S.K.: 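Input: one structure, supplied below.
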Amino acid sequence: MTTITDATPPQVAESDAEPPRRRRILGAGKQMHAGPVTYLVLTLFAVISLAPLLWTTIAASRTNTRLAQTPPPFWFGGNLFKNLETAWNQAGMGTAMWNTILVAATITVGTVLFSTLAGFAFAKLKFRFSSTLLLMTIGTMMIPPQLAVVPLYLWMTDLGWANHLQTVILPTLVSAFGTFFMRQYLVQALPTELIEAARVDGASSLRVVWHVVFPAARPAMAVLGLLTFVMAWNDFLWPIIALNGENPTVQVALNQLGTGYIPDDSVIMAGALLGTLPLLIAFLLFGKQIVGGIMQGAVKG
Amino acid sequence: MTSSDEALAQSATSADTAPGSQEPGAARGAQGRGTAPTGAGTWRSRLYRWDMKASPYAFISPFFIIFGAFSLVPLLYTAWYSLHHVQLSNLDGQTWAGLDNYTNLFQSDFFWNALKNTFTIGVISTVPQLIAAIWLAHMLNYRLRGSTVWRVVMLTPYATSVAAATLVFVLLFSPDTGMINWALDLIGIDPVNWRESDWGSQAAVSSIVIWRWTGYNALIYLAAMQAIPADLYESAALDGANRWQQFRHVTIPMLRPTILFTVVVSTIGATQLFGEPLLFGGVSGTKGGSEHQYQTLGLYMYDQGWIVGNLGKASAIAWSMFLILLIVAAINLLITRRLRKTQ
């Protein structure tokens with residue numbers, strides 16, 4: 001994206017006889033002000049985006065019998081904390097949340113660290129087969145996770161790791177997308193002269209990584225970390241197979257809730273609320289960065 | 001103000017932060033100058049040269065080791081297991097099966113049913129989702145008040161847990177007491193049985209996918225739209241093209257690679273659809289409803305492997321899914337070539 005914003009002014013200057021007039025048309029052509037209809041439709045989309053979450057909270061604050069009546073409740077009742085407590089203790093959402101936080105945090109740290117290292121090597125270091133290896137990395141994004149699940153299950157069972165959290169953490173600790181994302185970022189954001197200067201001073205590779213690469217990569221590391229956390233939190237297929245319900249993550253626990261472990265809809269909604277709350281909080285705090293990260297990754301990827 | 005705001009949201013990373021973060025790095029680089037071993041001995045310089053050569057491989061090795069061990073090797077083992085009888089109840093008693101699992105699979109009605117469901121749910125979730133996403137992106141591309149807030153709001157569903165979202169939709173789509181049938185009743189439409197009917201249940205499952213991913217795709221389109229050079233719109237405007245014609249003849253053609261990208265990504269996602277139908281089905285989740293109405297290939301694999309307990313067959317399903325993905329990718333490629341030629 002930077003290249004485009006950087007490239008536009010010289011283009012205009014080069015081919016243009018009357019810069020001021022052209023700039024006016026440019027403004028009118030591309031960045032038109034939104035009309036009331038646009039705001040109306042956007043509001044509709046926003047309502048659709050937020051309504052299910054709002055209604056989850058409403059449903060979680062009601063009783064099961066009230067949910068079973070028509071019309072459904074449109075405003076909060078007084079049972080929110082009672083239901084949250086039931087979901088937290090009896091339905092095991094508390095344990096599940098701690099498990100998921102542990103799993104997602106470890107995966108995030110690993111993915112960000114390994115992606116930054118590999119991304120830096122692919123972006124700035126010269127070594128044999130680097131372009132082939134980079135192509136391979138990108139190619140692996142096409143492999144669906146289903147293809148690994150049966151052998152992984154068999155091996156983890158053999159190791160006696162079934163129902164242990166490392167079963168979920170280990171296979172997800174690296175990411176092809178993350179590696180590519182960091183590479184694309186570092187190609188631009190990390191000046192090669194900076195590395196060379198450090199090299200001339202006799203800095204070892206680890207020193208370069210610590211003092212030059214990590215500071216330069218920090219913004220992208222934050223974005224990748226947030227995206228990874230969301231992905232790890234929402235991972236479904238492998239945790240459901242690997243954890244078998246005894247030591248669940250949030251997704252596994254919610255699946256159990258949904259299959260009638262506790263047949264109380266308002267408690268299920270309280271569980272759903274708990275299961276998505278940490279993500280929503282992270283999103284409220286860092287939404288802007290996540291949005292920027294997705295748009296950044298999209299253009300370059 | 002608005003335009004700088006725009007730029008900030010647009011590139012949360014490179015443009016603004018790169019120059020800023022250069023400074024501490026440069027400062028530290030200069031600091032290191034004093035401590036560097038200037039009169040290094042031979043073993044030291046040898047060590048240094050070795051470091052230069054080996055470190056790139058050291059940096060990329062975690063990815064390749066972990067990915068290889070937990071994705072690539074298993075991929076081959078899955079092929080191996082798909083040629084064996086492997087039962088969940090007797091993991092050590094594996095016997096050679098040849099192509100039994102595959103012939104068994106291709107003779108099973110449930111496999112073809114799951115394949116058909118995966119296809120229909122894939123189409124009715126992907127097509128409306130991407131069309132809505134382009135429309136949404138087009139609107140977000142206008143000069144808006146609070147443009148970042150709109151984007152964050154549209155992306156909220158993406159940050160909602162799959163399971164949580166699905167459980168809410170289960171209640172909303174409840175045939176007797178759900179809000180959707182209640183709303184349909186208000187405008188005089190007969191209630192739909194969102195659990196039992198074929199198209200009703202598939203539409204309900206698709207709506208969860210559409211809800212979660214439209215905003216995400218809209219952001220990808222928005223990024224691509226902002227990368228379209230303004231000159232194109234300008235010359236279109238000089239030629240007398242109105243807003244719609246500009247959208248139709250400038251935006252859409254320039255967006256074509258991005259559209260293809262999202263189609264491929266969504267296709268991959270649709271082929272692997274698992275969590276939404278599983279939870280939507282409740283107790284009959286792995287079967288995809290009482291009559292397998294919305295059993296996808298992903299569900300079918302899980303059901304055969306971990307409920308029925310036939311891991312050999314589950315492996316065969318996994319490899320069939322992979323082959324189907326490759327075929328879909330090839331068709332995609334063919335269509336793109338055709339499109340490029342006709343252009």
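Heavy atoms only: backbone and side chains are in, while hydrogens, waters and symmetry mates are out. Everything quoted here is computed from the prediction, not taken from an experiment.
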S.K.: Would the distance check show the side chain of W233(A) and the main-chain N or O of A159(B) forming a donor-acceptor pair, the cut-off being under 3.5 Å?
M.R.: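 Answer holds: no.
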S.K.: Less than 4.5 Å to any heavy atom of chain A: does that hold for the side chain of L325(B), its backbone, both, or neither?
M.R.: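 For L325(B), the contact with chain A is made by the side chain alone.
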S.K.: What about the rings of F45(A) and W135(B), do their centers lie closer together than 6.0 Å?
M.R.: yes
S.K.: Quick one: side chain to side chain contact (heavy atoms under 4.5 Å, CB included) partners of S204(A), sequence neighbours excluded?
M.R.: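 Counting only residues at least two positions away or on another chain, S204(A) forms a side chain to side chain contact (heavy atoms under 4.5 Å, CB included) with L206(A), R207(A), D51(B).
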S.K.: May I ask you to decide if R199(A)'s main-chain N or O and Y48(B)'s side chain share a donor-acceptor pair within less than 3.5 Å?
M.R.: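 Side chain of Y48(B) to backbone of R199(A): a pair is present.
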S.K.: Considering residues at least two apart in sequence or located in another chain, which fulfil the side chain to side chain contact (heavy atoms under 4.5 Å, CB included) criterion with L47(B)?
M.R.: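 Only W43(B) meet the side chain to side chain contact (heavy atoms under 4.5 Å, CB included) criterion with L47(B).
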S.K.: So for L133(A), is it side chain, backbone, both, or neither that comes closer than 4.5 Å to the heavy atoms of chain B?
M.R.: both
S.K.: Run the side chain to side chain contact (heavy atoms under 4.5 Å, CB included) check on L144(B) and L42(A) step by step: do they pass?
M.R.: CA-CA 10 Å; L144(B) 285 170; L42(A) 280 177; 3.7 Å; yes
S.K.: Just so I understand: if I count every heavy-atom pair under 4.5 Å between each of L280(A), L53(A), L284(A) and chain B, which residue has the most?
M.R.: L53(A)
S.K.: Kindly determine whether T137(A) and F64(B) satisfy side chain to side chain contact (heavy atoms under 4.5 Å, CB included), including the steps that lead there.
M.R.: CA-CA 8 Å; T137(A) 310; F64(B) 281 96; 3.4 Å; yes
S.K.: For the side chain of T78(B) and the backbone of L147(A), is there at least one donor-acceptor N/O pair under 3.5 Å apart?
M.R.: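 Present.
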S.K.: Do you know which of N234(A), L254(A), L125(A) has the most heavy-atom pairs with chain B at a distance under 4.5 angstrom?
M.R.: N234(A)
S.K.: Give the member of T157(A), I143(A), I240(A) that has the highest number of heavy-atom pairs under 4.5 Å with chain B.
M.R.: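 The residue among T157(A), I143(A), I240(A) with the greatest pair count is I240(A).
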S.K.: Sort T172(A) into side chain, backbone, both or neither according to what part of it lies under 4.5 angstrom from a heavy atom of chain B.
M.R.: neither
S.K.: In terms of heavy-atom proximity below 4.5 Å to chain A, should D185(B) be classed as side chain, backbone, both, or neither?
M.R.: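 Looking at D185(B), nothing touches chain A.
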S.K.: Under 4.5 Å, counting heavy-atom pairs only, tell me which of T116(A), V230(A), I195(A), L273(A) racks up the most with chain B.
M.R.: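 Heavy-atom pairs under 4.5 Å are most numerous for V230(A).
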S.K.: Return the option, out of A59(A), S205(A), G119(A), with the maximum number of heavy-atom pairs under 4.5 Å with chain B.
M.R.: S205(A)
S.K.: Need one label for A79(B): side chain, backbone, both or neither, based on atoms under 4.5 Å from any heavy atom in chain A.
M.R.: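 Looking at A79(B), nothing touches chain A.
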S.K.: What is the minimum heavy-atom distance between Y39(A) and R143(B), and which atoms define it?
M.R.: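 That closest heavy-atom pairing would be OH-O, 4.3 Å.
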S.K.: Checking side chain to side chain contact (heavy atoms under 4.5 Å, CB included) for the pair Y302(B)/V149(A): CA distance, chi angles, key distance, verdict?
M.R.: CA-CA 10 Å; Y302(B) 179 67; V149(A) 154; over 6 Å; no
S.K.: So which residue, L50(A), T179(A), L154(A), ends up with the most heavy-atom pairs under 4.5 Å with chain B?
M.R.: L154(A)
S.K.: For P151(A), which of W80(B), F70(B), Y81(B) qualifies under side chain to side chain contact (heavy atoms under 4.5 Å, CB included)?
M.R.: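 Answer after filtering W80(B), F70(B), Y81(B): Y81(B).
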S.K.: I'd like to know if the side chain of T38(A) reaches the main chain of M139(B), judged simply by a donor and an acceptor atom lying under 3.5 Å from each other, with no hydrogens or angles considered.
M.R.: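 Flag not set: sc T38(A) to bb M139(B) has no pair under 3.5 Å.
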S.K.: Can you see which heavy atom on P144(A) is nearest to which on F322(B), and at what distance?
M.R.: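 Heavy atoms of P144(A) and F322(B) come nearest at CD-CD1, 3.7 Å.
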S.K.: Could you tell me which portion of W319(B) (side chain, backbone, both or neither) has an atom closer than 4.5 angstrom to a non-hydrogen atom of chain A?
M.R.: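 Both parts, heavy atoms under 4.5 Å.
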S.K.: Begin with the C-alpha distance, continue with both residues' side-chain angles, and end with the deciding distance and a verdict on side chain to side chain contact (heavy atoms under 4.5 Å, CB included) for N255(A) and L279(B).
M.R.: CA-CA 6 Å; N255(A) 184 36; L279(B) 273 136; 3.9 Å; yes
S.K.: Under 4.5 Å from any heavy atom of chain A, what part of I268(B) do you find: side chain, backbone, both or neither?
M.R.: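 Contact with chain A is through the side chain of I268(B) alone.
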S.K.: Indicate the ring-plane relationship of F274(B) and F236(A), choosing parallel, tilted or perpendicular according to the 30° and 60° boundaries.
M.R.: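 The arrangement is perpendicular - the two ring planes meet at more than 60°.
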S.K.: Could you look at L88(B) and say if it's the side chain, the backbone, both or neither that has a heavy atom under 4.5 Å from chain A?
M.R.: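 The answer is the side chain of L88(B).
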